[in-house]
Colleague: 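There's a structure below that I have some questions on.
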Protein chains: 2
Amino acid sequence: MLLELDFSSDTPIYMQIRNSIVVGIASGELSAGEKLPTIRGLADEAGVNMMTVNKAYSLLKQEGYIVTDRRNGACVNPDINTAKAYGEEEINKLKLVISEMKLSGVTEEEFLNICRNIFREKE
Amino acid sequence: MLLELDFSSDTPIYMQIRNSIVVGIASGELSAGEKLPTIRGLADEAGVNMMTVNKAYSLLKQEGYIVTDRRNGACVNPDINTAKAYGEEEINKLKLVISEMKLSGVTEEEFLNICRNIFREKE
DNA sequence: TTCTCTGTATTATAAAGTATAATACAGAAC
DNA sequence: GTTCTGTATTATACTTTATAATACAGAGAA
């Protein structure tokens, strides 16, 4: 698992970890059921506290992206519910990104192409 | 200016204000050169502290979205630089939204249609 | 058994970010 | 002068974030 953390970012570390894993699952870099690093292992590797990784894993578990087992550790949820509705929060985040890129001069077609590429990105 | 603040959100108030204005400019709700509410006025209206609004305006000014004048107050920058490159940060935010919606079961075509609608949204 | 690994929980602490409050100043408009 | 503007300063309180040091229960391996 590639995990790039930006300690000077305004995004909290635990959220960066959470985001990396979500993106990894969506891109196929992490496959359904795949074993994730242990909390302690990832904390060591990333140079952060165990509880910071734990916070990320707890959030991912609560969101249904991963499952945890005291025996085997954490795994990507082998059966993520792809029938759940996206929230208004996602739409608002999307609106914001589109607004910012629009004001950077990105045209609709350029933007859609960027999205197409990201959508099709495989590991 | 419509301004909906969610005080229970994990997004700071000053950032919500900043985001609302960015979206407003991009959608055309706020036009180039248009006068914005005064810091004190908006603070009163929104029920927040003056310095919170000031923080949002300072950020918007620094980002080039608005200009300020001690005489007239703050205005939408009449000449926003639409030739500036979008940052990697925007791409990462976009990747995250796409990932989350993908994992909610949204197909590529559905997603592109949502984007098209947002992109064309006028006030 | 004993040892080691897993996620989880607790408690304490430090540091940073956020928001409020009360003022004050400089510049321009009236 | 008075009033408005953005801006600046200082202090305070609260929340969030991250670390640290432990500890526990359950399961696997020696």
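Within every chain, numbering begins at 1; the chains are lettered A, B, ... in the order of the sequence lines, protein sequences first and strands thereafter.
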Colleague: Taking the side chain as every heavy atom from C-beta outward, state whether M101(A) and I114(A) have any pair of such atoms under 4.5 Å apart.
Modeller: yes

Colleague: Who else is in the cluster with L59(A) when I, L, V, M, F, W and Y are joined by side-chain contacts under 4.5 Å?
Modeller: Y14(A), M15(A)

Colleague: Among pairs that include at least one residue of residues 63-118 of chain A, which meet ring pair (Phe, Tyr, Trp, His ring centres under 6.0 Å), considering only residues two or more places apart or in two chains?
Modeller: F111(A)-F119(B)

Colleague: In whole Å, I'd like the distance from the NZ atom of K35(B) to the P atom of dC4(D).
Modeller: 13 Å

Colleague: In terms of the nearest nucleotide of DNA chain D, which residue is placed more toward the 5' end: G47(A) or G41(B)?
Modeller: G41(B)

Colleague: Please report how far the helix from dT1(C)-dA30(D) to dC30(C)-dG1(D) bends, comparing the axis fitted to its first five pairs with the axis fitted to its last five, to the nearest 10 degrees.
Modeller: 10°

Colleague: First contact, last contact: which nucleotides of DNA chain C are these for chain A, 5' to 3', heavy-atom distance under 4.0 Å?
Modeller: dT6(C) to dT10(C)

Colleague: Can you tell me how far P of dT17(D) sits from CZ of R18(A), to the nearest Å?
Modeller: 13 Å

Colleague: Between protein and nucleotides 28-30 of chain D, what N or O pairs are separated by less than 3.5 Å?
Modeller:
none

Colleague: Any chance NZ of K95(A) has more than 12 other-residue heavy atoms, nucleotides or ligands included, within less than 6.0 Å?
Modeller: no

Colleague: When the distance from CD1 of I39(A) to P of dT19(D) is rounded to whole Å, what number comes out?
Modeller: 14 Å

Colleague: Give, for atom NZ of K55(A) and atom CD1 of I13(A), the distance between the pair rounded to the nearest 0.5 Å.
Modeller: 11.0 Å

Colleague: Want to settle it: does M15(A) or Y57(B) sit nearer the 5' end of DNA chain D, counting the closest nucleotide to each?
Modeller: Y57(B)

Colleague: Any donor-acceptor pair under 3.5 Å linking the side chain of S9(B) with the backbone of T11(B)?
Modeller: yes

Colleague: Between protein and nucleotides 12-16 of chain D, what N or O pairs are separated by less than 3.5 Å?
Modeller:
none

